[in-house]
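To keep things clear, I will list the structure first and then write my remarks on it.
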Amino acid sequence: MRKLFSLIQKKAHYLALFCLTVFFVTGFVSPLLVQYKEDNWQKELSQKTGIIKDGIKQKFDDVSSAVLDVKNHLLKTNPKYFSKENKTKLFDLLMEKPFSSCEIFILDSSFNLYAWNSHSLQADTSIFSLKPYGETFLSGSDLKISLIYMDSLITDNSIFYFQIIKPVEKKYRFNNEFYEPLSITEYLSIKYNTSFRLLLGNANKIIDGRYDSAEIRNNKNKIIGSVEFQKPLKDAAINTFLDDLQSMKYLMGILAFLFFILKTNQFNFFSGKKTAGFLLLILNLSILRIILFVTEIPGSFLPEAFTDSSYFSSGLAYGIVSSPFEFFLTALFVLIICISFLRNILELKNEDLKTKNIILKTFAVLLSAGLFLVLLRGLGAAVKSVIFDSSIFYFKFPELLPKLPIAFMHFNLLMLGICSVTVSVAFILLIIKTLGNRHNSNNFYFGGIFIILQILGFIYDLSQKEPQGTPALRILYISVAFIISLLIYKGKLQILGRYLAISFFASFITVTLLMFYNYRLEVDSLRTVAFELMRPDENWFEFLLDQTADESVGLIENETIPASQNYSSLAFICWSNSPLEREGVNSSLQIFDDKWNLLGEFNSDFNIKQELFDEIIKNHSGQEFVSVKLSEKQQVLSILKEVRDKAGKVFYLTVSALIDNSKFIIEKSGKFYTGKLTGILSPVDIEKLKLIELEKGRIIKINGDFTPDENLIEKFRNAGFSKFNEAWYNFSYGDDEYNFFIVKTDPSKEKLLCVGQTKKDISFGLFNFFKVFIVHTVYIICAGIFLFLVLAARNFNFKVTYNLKLLSAFLLISIIPLLVMAFYFRAISEDNNRETIIYKLEKHAARINEYLEKYYNIYPKNDIYSEAADDIGVNYSLFANNILEYSTQRNFYNTGIISANIHPAAYSKLFHLGFFKILNDENLENYKYQAFYYKTEIGGEEKVIEVNTAFNSVSLPMSGSDADVFLFGTYSLAVLIIIIVSTFLAKQISQPIFKLTNATKAVAGGDLNFNLENKYKGEIGELIDGFNKMVKGLKKNQTELAEVERELAWKEMARQVAHEIKNPLTPMKLLMQQLVITYKDKSPKFDEIFEKVTSTTIRQIDTLKNIASEFSNFAQMPKLKLEKLDIVNSINSTVNLFADEKAKITFSTDLKTAYTESDSDQLNRSIINLIRNSIQAEATKIELKLETENDFYILRISDNGKGIDPVNAEKIFLPNFTTKTEGMGLGLSLVKRFIEMTGGKIYLDRSNSEGTMFLIKFAIRKDE
Amino acid sequence: MIIPKIKYISLLLMIFTLGYIYQHDDVNHLFEIFQKGISINSISDFSQHFSSKTYISLSDGTTGYFSSNQAYYVLKKYLDTYEPIECVLERTKIFERSAYATGKLKYTLNGRRGSAGVYISIQSAGDKWQISQITIN
C-alpha cells in the first residue's frame, strides 16, 4: 500500500493534468455529443425499446419458471400424501419450500377444496372450467394480478386438480410499515425510468406513437397478456445524459484538485505541522468541502437512506448539512481538522510557550477557555438540531437494531462528539502547557486550573439566555475533558488509549444530550398532537373527499369493468390508493350501478346504514358536497360522482367521511391497513398519550388510561395560559409524574384540550441510553481495530499482558451467565405473553360459543351472530368446515384482503389432527398477529370460532417490547458495571506482578538500588519483601565483591611493581656484595670488578627508572593539545557516533560556530563519557543544548534517565568513586579535570527520578 | 347627538373593514407568494412563513411534521423531481384565525406531465400568518 501510495504521489501531477484535461474537454465536447445523440435518437430509441421488451420478457420468464418449478415438484410428490390419512402431511408439505413460494389450491375429483396453503387468496373453483390446463395464464383477481397454472394429478385411486398461483401485481396499497409491496410494473418503472401498464389477455392497448408494448407469452407460447409502456422521451434521455456528463466533469475537477494537493504534499493531515501547515490544511479541506457540496458529488449517487432531507436537514451554512450525507461529509472534514489541531498542540513544547509576558499568557489562557466553552455550547446546539430538524425518532421504537438512516445518523453524532471532545482536550492542554512547565507535577497547580475552568463554565452558562444541556452535564464535560487532558499531558495515555478515551467520552456526552433534547421534543410534541387533533375541519375533509373521488373516477374511467368484477374489491382499491387512506380518516366508498343498486363498498371503521345512503343520495341534487348530521357530535360529509368505464357503463361513486367529535380521531382498530394515524407522526407513542377534552369543567371526551379528578380538572382550567391560550402543566399523580399541554379550543364555551404523557421510568432511560451507546461502541471498536492494525504496521508492540488476560477471564465469567439469564427471562416473558393471549382469546371464544349455543335455535342465524358480537363486544369470525360463514369484519373478507377459507394450518390441526383449540401465528401483509381457533358444535353443525389480536386488543402484563426495554436497559448497565469493576480488580491484582516484573528487569540490568514499595498484604506482600531482601543482599555481595576485586587489582599491580623492581635489585645487591668482598680482600681484580659492578648497577638503575616511567605513564593523563576548536562541530561529530543507539540523542543550538581553546580528542572523550553515563542510566532521550551566557558557552546535557541518588551527588566527581560494578570510577573525575584545565567548569545542575542535567561552561576564545 | 354617534359608528365600521381587508390582503398576499413560489420552484419565496412545525403531505409519500429547515428541503426535493409548470390556487376561505386554499399543481415528471391537488392551510400566530399545512396529492 505504501509503495502504491508513493507511486501515485510521484505521478500525481500527471494525473492532475489528465483530470483537468478531461474536465475541459468534457465542456467542449458536450454540445457535440448532445447533437450526435439527437441525430441518432431513433436508433437509440429502437435500442432502448428493445432492451425494455427484453427486460419485460425476462421478468415474466422468471415468474413463469418459478411456477413451473413448483408444478414439477408437486407432480413428483409421493401419491400417498394425497390420501385422507396423510392429509395433515400434505398441508405441512405445502407450507414448506419450494411450495410456500406460491399459493396452491388442490381440489378433489368433485372440485371441492381439498388442501391449500394460502391465507391471502380466495380459491376460485369456477376458473377450472373456464381456463386451459397445462399452461400458464394471467388472471386479474379482485386485488391482485397473478400468473396461474392449472392441471390435474392422478394418484392410485383418484384424480386431483391443482392451481398454482404466483401474484405479480397488487392493485391496492397501504401507507404503513406493514405493507408488502408487490408490483412488477413498479419494478420495471424504476428500472427503465418510464411508466408501465399490465394488460391481460387481449385488452386494448393505447394506439399512440408515444406508447409501445411487449407481449407476454406462456409456456405454450400463446399470448396471455402484454405490458404497455411509454417510450423513453428524447428530452428526458438527453437531460439524463447531460446530468451524467456534468457529474463526470465535476468528478474530474475534484480528482484534479486532490492530486494537486497530494503532489504538493499538503494533505499531510497528521504530521502535526506548524501553524502555516495547519491553516493550509483548513483551507484545502474547506475548498474541497465546498466543491463537493456544490457539485453534489458523491451524494447524487447514493441511496435515499443517506440523502433524504426528511431524515435530517439544517439550514446551517447555506445547507452544508442539508441531509445526513452532507452532515457526514462536513463532520468528517471537521474531524480531520480537529485531530490535526490536537496533534499540533501535543507537539508544542513547554519551552515554545514560555513567555514572561503575563498579559499575553492570560489572554491566551482566557481565549482557550472561552473557545472551549463555546465548543460545548456548539455541541449542544448541534445535537438539538439533530433532534428537532429531523423526522427520525431515535427513542420512539423499542427495536434494538436501528434501521440504516438511524444507524448512519448515530455515526454522524459520534463524529460530532469526537470533534468537540478532541478540540476541548486540545484547548485544555494548551492552557496547561501555557501556564506551567512539564516537570511541575504539583497537584495543586492542576487543581487550580480545573477549578478556574469550572467557574468560567458556570459564569458562561449564567450569561446565556438558554444554556445548552444541564449544569450537571457541563460540570461532567469539563471534568472528564480535563482528566483526559491531564492523562495525556503526563504521558499516561498513548495513541490507542487517547483514541478510546476521547471516543467513549464523546459517545457518552452525545447520547446524553440526545436523550435530553429528545425529552424536550417529546414534551413539545404534546403541543403538536393537540394541534393535530384540532387540525381536521370540514374544509380539510372536503379536500380529501374531492381528491379521492377524482382519483377513483380516473381509475375506473381507464378500465373496462368485467361482469365478474368484485365491486367491493374495486371500492377497496380506489380507497387504498387515496389520500383518505393516507390520512387514516374514518371513511367509506360505495359503487352503485346506473339504477342506484349497491354493487360494492368498503368501509374503514365507518359503517353506513341504508337509511344514511338514502339520505345522502336524496340531498345530492346538484350539490358537490352533502353533509348529514348523525348526532350532535357526528356528521357525515359525502361527495358523489358519476363515472363511465371504458365500455361506457355508468356507475355512481359516493365517498364519505365521518366527522366524529365524540371521540378522538386516533381511536382506530385494524392497524394493518390504516395509513399513518391521521398524520400524527410524533416522537411519542400515540396510544400511550392521555387525551382529555373538557367543557366547562366536565369531561366530554377522553382517551387513555388516565382520568383526572375534580381537583385536577380545576387546576387544568386555571393553568397559566399565554396570550395564545396555551399552557403547560406538570404534576405528580399517584406514583407517576405527568406533563400536560393544555389549549383553549373554544374560549367562549370554556373548551379545553389536554394532551399529556407519563414521564418514563429509569428502565426506559437506561434502555434508550444503551440502545445508542452500544451502536457507538461497535463503531468505536471497528475504528479501533483499524487504528491498531495501522499502528501494528508501524512496529507498534502489542502484548497480551497478564492484566488483559485477567480482565478477559473476569468478563467471560461474568457476562456469559448474564446474557444467558437475559435470554432466559426473555423467553419466559414471551411464553407468559403467549399464555395470556391464549387465555384471553379462549375466554372470548368460549363466551361467543356459549351465547350462540343459547340463542342459536331461537333467533335467525345472521341476527344472532351480530348480536353476539355487539353484546359481548368481541370481533370474531365463524367458519363452517373451511368456509367463512360470518364475520364482524366481513368488510375485509368481501374485498378479498383476507381469504374466506380458514387458515390451512388451523384446518389441518382441527380437522385432521383432532385438536379442539389452537393458537396460530398468522400475518396480513407484514402485520403479525395471533388467531385462536375454537372448534365447537352449534345447532348440530360443526363450526369453528376464530378470535384474533388483529381486531381485538389484548393487554399483556409485559409486552415483548417492554421486556426488551427492561432487560436490555438494566442488563446493559450491569454489563457496564461488570466491565468497570473487572478492570479495576484486574489492575489491582496484576499491578504488583507488573511491578515485580519491572523490578526484576531492572535488577537484571544491573540496577541494584531498586526497592519496591510494599503496601500489599498476604502472599504478594511476602513475595515483595523477599524480593527486596534478595536485592539488598545482591547489592551487598556485589559491593563487597567489587571492593575485593579492586583490592585484588591494586594488590596485583603492587605485586607486579614489586616483582619488577625486585628483578634489578637482586643483581645489584649481589654485585655490591661482591664489590665489598673484593675491597676487603684487597683483590688485584678490584678495579675490574668495580667497573663491572658500577656499569651493571647503572644499567639496573636505568631499568628501575624505566619501570617507574612506565607505571607513571600508565597512570598519567595524556598531555593536552590545546587549539582553536569549534564546539558545535565537535559535538555534532560526537553525537553522530551514537546514530545507531536506541536512545534518541539530539543536539540543538542557535549558534553557527562556538570557538574555544580546547583539546579536540579529550573533549570528544568527555562528551562520550557523559553520554555513556546517561545511556547506562536508562535514558531514552538525551538532549545537548549549546548557548551563550555572559562570556561563556554553556553546554547543557540532559537526559530522562533514572537520575543520581542524592546521597552520591556530591561524590560523583571524586576519583575512584563509582556505583557501578565495573570500572575504576575515574570517568567523571577525568572529565572534570580536563574541563577545568581548559578554563571551564562542570556542574551537576539537577538530578531526580525524571532525569539528570550536567552543565559545562567553556570559555569563549579571546579573539572571537 | 345621533349624528355624531352615526359618525362614530361609521368610523368604527370603516376601521373594522379596513382591518378585515388588511388582514385579508395579508392572507391573500401569502397565498400569492406561495402560488408563485411553487410555480417557479422557489421555496425561499415563502419559506420564512413556515411555522415551527409544518405538516407536509406529498404525493411521493412524504408525510409528517417538519421543522422550518426541514420543510424547505423536503419541498425542494419534491419540486426538483416533480418539476412545476404552474400552480393555481382556485379556492380560498379565510376565517378569523385560519385560512386555507385549494388548487392544482401541473408538473413534469421524467418528461411526462401530470397534475396534483394542492391544499394549503395557514394559521394566525400573534400578528403574523404562518403556514401550518401543505398537501400536494
Side-chain angles (χ1 to χ4, degrees), chain A residues 175 189 193-195 210 230 232-240 304 307-316 319 321-323 385 387-391 524-525 527-529 531-532 534-535 537-540 542-544 546-548 550-551 578-579 582-583 675-676 679-682 723-724, chain B residues 44 47 50-78 80 83 91-95 97-104 108-121 123-127 132-133 135-137:
Chain A
N175 272 294
S189 288
N193 205 23
T194 187
S195 61
R210 295 173 300 165
Q230 239 179 341
L233 295 172
K234 184 167 80 169
D235 288 342
I238 285 171
N239 284 339
T240 308
E304 225 178 60
T307 58
D308 193 342
S309 306
S310 66
Y311 292 132
F312 171 76
S313 57
S314 166
L316 178 73
V321 282
S322 58
S323 74
S385 175
I387 286 286
F388 282 89
D389 288 329
S390 171
S391 62
D524 198 51
S525 71
R527 185 172 179 276
T528 311
V529 169
F531 282 104
E532 171 65 19
M534 288 157 54
R535 181 169 62 86
D537 58 18
E538 211 168 294
N539 307 310
W540 168 236
E542 279 181 7
F543 174 76
L544 293 178
D546 190 43
Q547 291 293 301
T548 303
D550 276 348
E551 284 174 16
S578 76
R582 209 162 68 223
E583 296 296 330
K676 298 176 177 87
I680 296 175
L681 293 171
S682 169
K723 62 178 180 179
F724 300 118
Chain B
S44 47
S47 59
F50 286 136
S51 64
S52 60
K53 281 285 178 193
T54 307
Y55 178 74
I56 295 179
S57 177
L58 305 171
S59 58
D60 65 355
T62 306
T63 310
Y65 281 91
F66 298 100
S67 68
S68 47
N69 283 329
Q70 276 190 294
Y72 173 87
Y73 289 107
V74 162
L75 269 177
K76 186 171 184 320
K77 186 188 153 207
Y78 177 80
D80 284 345
E83 293 165 16
R91 192 161 67 177
T92 57
K93 270 194 186 170
I94 301 171
F95 305 97
R97 288 183 63 186
S98 65
Y100 87 95
T102 56
K104 282 258 181 286
T108 315
L109 174 67
N110 293 330
R112 275 164 270 279
R113 288 200 172 194
S115 71
V118 175
Y119 177 96
I120 168 173
S121 164
Q123 305 267 348
S124 158
D127 56 354
S132 59
Q133 180 179 341
T135 300
I136 302 176
N137 182 61

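Lettering follows sequence order; numbering is per chain, from 1.
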Exercise. Is it the side chain or the backbone of A:Thr194 that comes within 4.5 Å of chain B heavy atoms, both, or neither?
Worked result: both

For this session: Return yes if a side-chain donor-acceptor contact under 3.5 Å exists between A:Ser314 and B:Asn69, otherwise no.
Result: no

For this session: Output all residues satisfying salt bridge (Lys or Arg N to Asp or Glu O under 4.0 Å) with B:Lys53, sequence neighbours left out; order by chain, then residue number.
Result: none

For this session: Pick one of side chain, backbone, both or neither for A:Asp235, based on which atoms fall under 4.5 Å of a heavy atom in chain B.
Result: neither

For this session: Go through A:Thr307 and B:Lys77 one step at a time and tell me if the side-chain contact (heavy atoms from CB on, under 4.5 Å) criterion holds.
Result: CA-CA 10 Å; A:Thr307 58; B:Lys77 186 188 153 207; over 6 Å; no

Seminar exercise, completed: Interface check, chain A: of B:Thr62, B:Val118, B:Ile56, most non-hydrogen pairs under 4.5 Å belong to B:Val118

For this session: Show your working on side-chain contact (heavy atoms from CB on, under 4.5 Å) between B:Asn137 and A:Arg582 and close with a plain yes or no.
Result: CA-CA 10 Å; B:Asn137 182 61; A:Arg582 209 162 68 223; 3.0 Å; yes

Exercise. Under the ring-ring contact (aromatic ring centres under 6.0 Å, His included) test, which residues partner A:Phe388, sequence neighbours left out?
Worked result: none

For this session: Name the member of A:Ser385, A:Ser322, A:Ala237 that forms the most heavy-atom pairs with chain B at distances under 4.5 Å.
Result: A:Ser322

For this session: With rounding to the nearest 0.5 Å, note down the distance linking CG in A:Asp389 to OH in B:Tyr72.
Result: 14.5 Å

For this session: To the nearest 0.5 angstrom, please state how far the CG atom of A:Leu544 sits from the OH atom of B:Tyr119.
Result: 8.5 Å

Exercise. Between OH of B:Tyr100 and CG of A:Asn539, what distance do you get to the nearest 0.5 Å?
Worked result: 4.0 Å

For this session: Answer yes or no: is there a donor N or O on one side and an acceptor on the other, between the side chain of B:Gln70 and the main chain of A:Ser390, under 3.5 Å?
Result: yes

Problem set entry | Nearest-0.5 Å distance that lies between atom CZ in A:Arg527 and atom OG in B:Ser52 | 5.5 Å

